[in-house]
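Both ligands and their constituent atoms are indexed starting at 1 by order of listing.
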Amino acid sequence: MYTQAMDTEAAENAKAVTTLEEAQLQQRFDARIDAGDFIEAKDWMPDNYRKTLLRQISQHAHSEIVGMLPEGNWIGRAPTLKRKAILLAKVQDEGGHGLYLYAAGETLGTSRDQMIDALHSGKAKYSSIFNYPTLSWADIGTIGWLVDGAAIMNQVPICRCSYAPYARAMIRICREESFHQRQGYDSLLVMMKDGSDAQRAMVQDAVDRWWWPCLMMFGPPDDQSPNSAQGMRWGIKRVSNDTLRQKFVDACVQQAEVLGVTLPDPDLKWNAEREHWDFGVIDWDEFWQVVGGQGPCNRERLEKRVKAWDDGAWVREAALAHASKQAMKEAA
Ligand code: BYC
């Protein structure tokens, strides 16, 4: 009895010390965040900060990888050698972005295999936008202009994210995304200025289909975004969903005018008081359906990813066998 009481007391004391230590660590962490410091992988961080980062970084990585599929569909059907070379480079870049991001995610203590398993089992999310089909060549230009345009708007502030490995990855990614956006806009501009009526109609049709899903990319409205407040407090998110969406709309209106396409929103109107463009109501039911797995291509996208992973098993096995042979040789 006596010994047990001693043990209990010792355990309680140890717990109190840990709690005190943790409170101090938490205080130091909060002060660093408030001062705008960057947090490195080896620094102490609260569990929820780690979890939130891992959720966002892994979702982001999955989006890059799944995002290769809709555009990949058109590599074999690109209209010229130049456009094919550009598209190949772009899709390859997206694969690279996924790898930088998985590497950033791994610094938080979760392996790439675990992250990929979460994607393949349907537990992890990826961006809603990649669950829409690419029906014509104009969709490829429109993805570059609008999807990559929205991605840049969202991702430039993440270059100042409080978690340094994520911020560093984002700097490289954003540089490449700007090229992606420009090539898309250029491809559409060629069709609109030098193309046939049928090509112009094809561009308008693509813009009609992609516009609203692109506005959804920024996430739910601020007052319905459960993760925003804490994400902003931690400096993971620097600008809110609604603010970024508005900036995107404001930028696109002029670009659409130069292109000669109409954005499919009868409520789009300049608001002199706000000095922003007002826009119509977003169909949030559609957004949540897509996020919940019921979008037009959710099933197809996941099946393709799982198949690619399974088909590539022999490459991973061969690489591991080679690495272990090399290690044995070196040891000998
Ligand atoms: N799609 O509280 P909220 C690219 C989820 S890659 C699906 O506002 P948060 C590209 C959200 O995860 C584009 N789900 O969340 C690649 C949360 O659910 P959970 C990807 C979405 O995290 C190739 C719930 O809704 N970019 O551009 O504060 C070719 C409530 O939302 C979406 C990134 O990942 C969505 N659109 O803010 C071309 C950027 N929106 O997790 C282009 C990094 C929200 O609680 N991520 N949800 O179950 C972010 O900036 C933020 O995570 C978000 C959401 C703005 C997306």
Side-chain angles (χ1 to χ4, degrees), residues 48 51-72 87 89-98 100-101 104-105 118-119 122-132 134 139-161 163 166-167 169-170 173-174 176-181 183-184 210 212-245 248 282 284 286-295 298 301:
N48 281 340
K51 274 191 203 141
T52 300
L53 274 169
L54 185 68
R55 176 183 65 79
Q56 179 165 327
I57 297 173
S58 63
Q59 280 177 10
H60 194 164
H62 302 327
S63 304
E64 300 283 354
I65 298 296
V66 178
M68 297 168 80
L69 296 171
E71 292 184 285
L87 184 56
K90 180 183 190 295
V91 173
Q92 217 168 345
D93 281 354
E94 309 300 0
H97 297 173
Y100 306 157
L101 288 164
L119 171 70
K123 269 189 253 152
K125 291 189 169 74
Y126 59 87
S127 181
S128 49
I129 195 70
F130 301 116
N131 292 307
Y132 291 86
T134 39
D139 285 29
I140 300 306
T142 307
I143 288 180
W145 173 36
L146 294 179
V147 176
D148 287 87
I152 295 170
M153 200 57 92
N154 164 276
Q155 291 171 6
V156 166
I158 308 177
C159 297
R160 291 182 291 114
C161 164
Y163 187 57
Y166 189 24
M170 288 316 302
I173 291 174
C174 283
E176 292 173 358
E177 297 287 20
S178 320
F179 150 74
H180 295 170
Q181 198 264 358
Q183 65 78 36
W210 288 93
W212 291 103
C214 281
L215 297 193
M216 297 172 193
M217 280 177 74
F218 297 93
D222 292 349
D223 58 4
Q224 289 158 46
S225 159
N227 302 304
S228 273
Q230 186 62 69
M232 299 280 274
R233 214 168 301 133
W234 274 327
I236 294 173
K237 253 174 138 157
R238 294 287 185 188
V239 186
S240 85
N241 297 1
D242 284 333
T243 306
L244 288 170
R245 189 167 13 248
F248 177 70
I282 295 170
W284 290 112
E286 175 182 324
F287 170 76
W288 288 117
Q289 280 212 351
V290 176
V291 171
Q294 303 304 315
N298 294 59
R301 298 288 185 246

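From Tyr132, atom OH reaches atom CG of Asn298 across 9.0 Å, with rounding to the nearest 0.5 Å. The CD atom of Glu177 lies 5.0 Å from the CD atom of Gln155; values are rounded to the nearest 0.5 Å.
Below 30°, between 30° and 60°, or above 60°: for Phe218 and Phe248 the angle between ring planes is between 30° and 60°, a tilted geometry.
Residues Arg245 and Asp242 are paired through a salt bridge, judged by an N-O separation under 4.0 Å between the basic side chain and the carboxylate.
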Does ligand 1 have any N/O pairs with the protein under 3.5 Å, and how far apart?
from, atom 1, to, atom 2, distance (Å)
ligand 1, 1 (N), Ser128, N, 2.8
ligand 1, 1 (N), Ser128, OG, 3.3
ligand 1, 2 (O), Ser225, OG, 3.0
ligand 1, 2 (O), Pro226, N, 3.3
ligand 1, 2 (O), Asn227, N, 2.9
ligand 1, 2 (O), Asn227, ND2, 3.1
ligand 1, 8 (O), Ser225, OG, 2.7
ligand 1, 8 (O), Asn241, ND2, 2.9
ligand 1, 12 (O), Gln59, OE1, 3.0
ligand 1, 12 (O), Gln59, NE2, 3.3
ligand 1, 15 (O), Asn227, ND2, 3.3
ligand 1, 18 (O), Lys125, NZ, 3.4
ligand 1, 22 (O), Arg55, NH1, 3.1
ligand 1, 22 (O), Arg55, NH2, 3.2
ligand 1, 28 (O), Lys237, NZ, 2.5
ligand 1, 36 (N), Ser128, OG, 3.1
ligand 1, 36 (N), Met217, O, 3.2
ligand 1, 37 (O), Lys237, NZ, 3.0
ligand 1, 41 (O), Arg55, NH1, 2.9
ligand 1, 41 (O), Gln59, NE2, 2.8
ligand 1, 45 (O), Asn227, ND2, 3.1
ligand 1, 48 (O), Lys125, NZ, 2.5
ligand 1, 50 (O), Asn154, ND2, 3.0

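Asp148 is not listed as a side-chain neighbour of Phe179, based on a closest heavy-atom distance of 4.5 Å or more.
Under the side chain to side chain contact (heavy atoms under 4.5 Å, CB included) rule, Met170 has a single partner from Arg160, His97, His60, which is His60.
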